[in-house]
Amino acid sequence: MVAKSKGRKTAKASNNAATAQGWRAQTRMIHGGVLRSDFKETAEAIYLTSGYVYESAEEAEAAFANTKPRFVYSRFSNPTVQMFETRMAELERAEAARATASGMAAVFAALMCQLKAGDRVVSSDALFGSCQYVIAEILPRFGIETVLVDGRDLDAWRKALTKRTTAVFLESPSNPGLRIVDLAAVADLAHGAGASVIVDNVFATPLLQRPLELGADLVVYSATKHIDGQGRALGGVVLGTQKFVAEKLQPFLRHTGPSLSPMNAWLLLKGLETLELRLGQQCSHAKTLAEFLGQQGKIETALYPGLKSHPQHKLAMRQMKAGGSLVTFVVKGGKPGAFRFLNALKLILISNNLGDAKSLVTHPATTTHQRLTPEARAAQGITDGMVRLSVGLEDLADLEEDLAQALKAV
Ligand SMILES: Cc1ncc(COP(=O)(O)O)c(C=O)c1O
């Protein structure tokens, strides 16, 4: 599409993509993928265009025959979106990436682009509500067999993967129970069954966990979360090999159209520039707040993968660099106790979103996971007293004071 400069550390002028060879993550998040126009702008340009023009009918013919790679239509490629895709691929150290309009569009495309009637999918049961809906409700309508297992249980994976399987889907840490799946072990078992492994890495982010290095084949993100990080834009991304993206994913996206808008791609590019700084503070504050919550009499349990008290702490720390920005805890008194706590918060906002600069609390049983049966919620460990806290960028003392005063209302 656009010529890449060869291993240079500076973005070559005018229409050449900067390459991130040799750069560390923080630098890749700022310079990766830049396509600088002849105007030599510092910030990435927003190409708000749906189409592109051709010098001649022959050029249009060549573009559609794919003999002259170039931008053709923004449903399938756009320079601002491409900058985001390249930057994400460089950050994840993936061969290729394709952006989508939301995280769910990324999840659905990653699955549907490779599945057909008669195929089989094995998935961990602890999933974000909409992912659970796609796996358990939508895929079976198309004649795809789906099997849900307790993602923490390697024997359950082993048993489910004795049959030939097309895809394995999982989330680690899971939303909201912060359950951890042994990525390397499950990838091994999945490959033995002929399955490609898709990891929803939203809670870990590309900075804390790199599933491709642990054996996964595809990584998906809701870029709406930490990647934007400021609650402004929906977006998603799928990362994998060049071959998979070119042969399976790109045709699916091109012809079904869940495209990321160039405006949102630009916001996500800007979000990436501060991801490491934001996440570093969020992880550190989340750990402190999890310790604080664990000591409060009105709280039954506080879960945080970065603390020894988490039942899978060792595994979490083997595959993650830090515990993340989310803390999940159970307030005494079930739903009434949790609601009293949420309603008494003065600073922390009630919202089903996460990964924002603003700290947000969610009551999963009545919101993100409301649609599940009580039994399915119980299988995921989601109780009526469970609260998910997404730690933002506020002053730590203000957050601790707000939690403490709200617990008095429980
Ligand atoms: C783990 C996980 N995956 C996927 C999604 C879906 O992302 P989006 O809301 O961008 O569609 C979410 C949203 O909360 C999530 O938490």
Side-chain angles (χ1 to χ4, degrees), residues 81 84 88 97-112 123-138 148 151 169-181 183 198-206 208-209 211 216 218-239 253 256 258-261 263-265 267-268 271-272 279 282 305 320 324-328 349-356 358 360-372 380-382 386-392:
V81 175
F84 172 63
M88 279 302 302
R98 283 295 173 275
T100 55
S102 69
M104 284 320 301
V107 167
F108 192 61
L111 286 162
M112 274 319 241
S123 168
S124 67
D125 62 358
L127 297 176
F128 169 59
S130 296
C131 297
Q132 217 268 352
Y133 185 81
V134 168
I135 304 270
E137 308 274 338
I138 297 184
L148 293 171
F169 186 85
L170 62 93
E171 198 178 293
S172 182
S174 68
N175 179 2
L178 304 177
R179 291 183 172 179
I180 310 294
V181 177
L183 299 182
I198 308 166
V199 175
D200 182 338
N201 207 31
V202 166
F203 271 39
T205 82
L208 302 185
Q209 177 169 273
L218 293 176
V219 178
V220 293
Y221 289 102
S222 163
T224 317
K225 313 300 181 213
H226 304 86
I227 292 172
D228 170 37
Q230 286 146 90
R232 306 165 296 189
L234 288 172
V237 59
V238 184
L239 301 111
L253 295 175
T256 60
S259 332
L260 180 66
S261 106
M263 185 68 213
N264 283 9
L267 288 165
L268 298 173
L272 279 176
L279 195 69
Q282 285 169 325
M320 292 171 71
S325 71
L326 289 123
V327 183
T328 296
L349 304 168
I350 302 172
S351 170
N352 48 287
N353 203 9
L354 61 94
D356 200 303
K358 295 181 171 63
L360 307 173
V361 273
T362 307
H363 183 247
T366 54
T367 59
T368 52
H369 293 70
Q370 183 191 106
R371 205 193 46 79
L372 296 183
Q380 290 197 39
I382 302 170
M386 182 181 268
V387 172
R388 187 191 75 195
L389 169 65
S390 167
V391 178

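We count ligands from 1, going down the list as the structure has it; atoms in each ligand are counted the same way.
- Side-chain atoms of Arg232 come within 3.5 Å of backbone N or O of Leu267 as a donor-acceptor pair.
- Considering backbone and side-chain atoms alike, Met104 places an N or O below 3.5 Å from some N or O of ligand 1.
- Leu354 is listed as a side-chain neighbour of His226, based on a closest heavy-atom distance under 4.5 Å.
- Thr224 OG1, 2.6 Å is the protein heavy atom nearest to atom 10 (O) of ligand 1.
- Atoms of ligand 1 lying under 4.0 Å from any heavy atom of Lys225, numbered from 1 in the order shown and given with element: 9 (O), 12 (C), 13 (C), 14 (O).
- Within the 4.5 Å cutoff, the side chain of Thr100 has no heavy atoms near those of the Leu260 side chain.
- Here the side chain of Asn201 pairs a donor or acceptor atom with the backbone of Gln209 at under 3.5 angstrom.
- In terms of polar-atom proximity, Gly103 is counted as a contact of ligand 1, with an N or O under 3.5 Å from an N or O of the ligand.
- The shortest distance between side-chain heavy atoms of Val107 and Phe169 falls below 4.5 Å.
- Remark: minimum distance from atom 16 (O) of ligand 1 to any protein heavy atom is reached at Asn175 ND2, 2.9 Å.
- With distances taken over non-hydrogen atoms, the option nearest atom 3 (N) of ligand 1 out of Asp200, Val202, Thr100 is Asp200.
- Of all atoms in ligand 1, numbered sequentially from 1 with element shown, those under 4.0 Å from a heavy atom of Glu171 are 1 (C).
- Not a single donor-acceptor pair under 3.5 Å links the side chain of Glu171 to the backbone N or O of Cys131.
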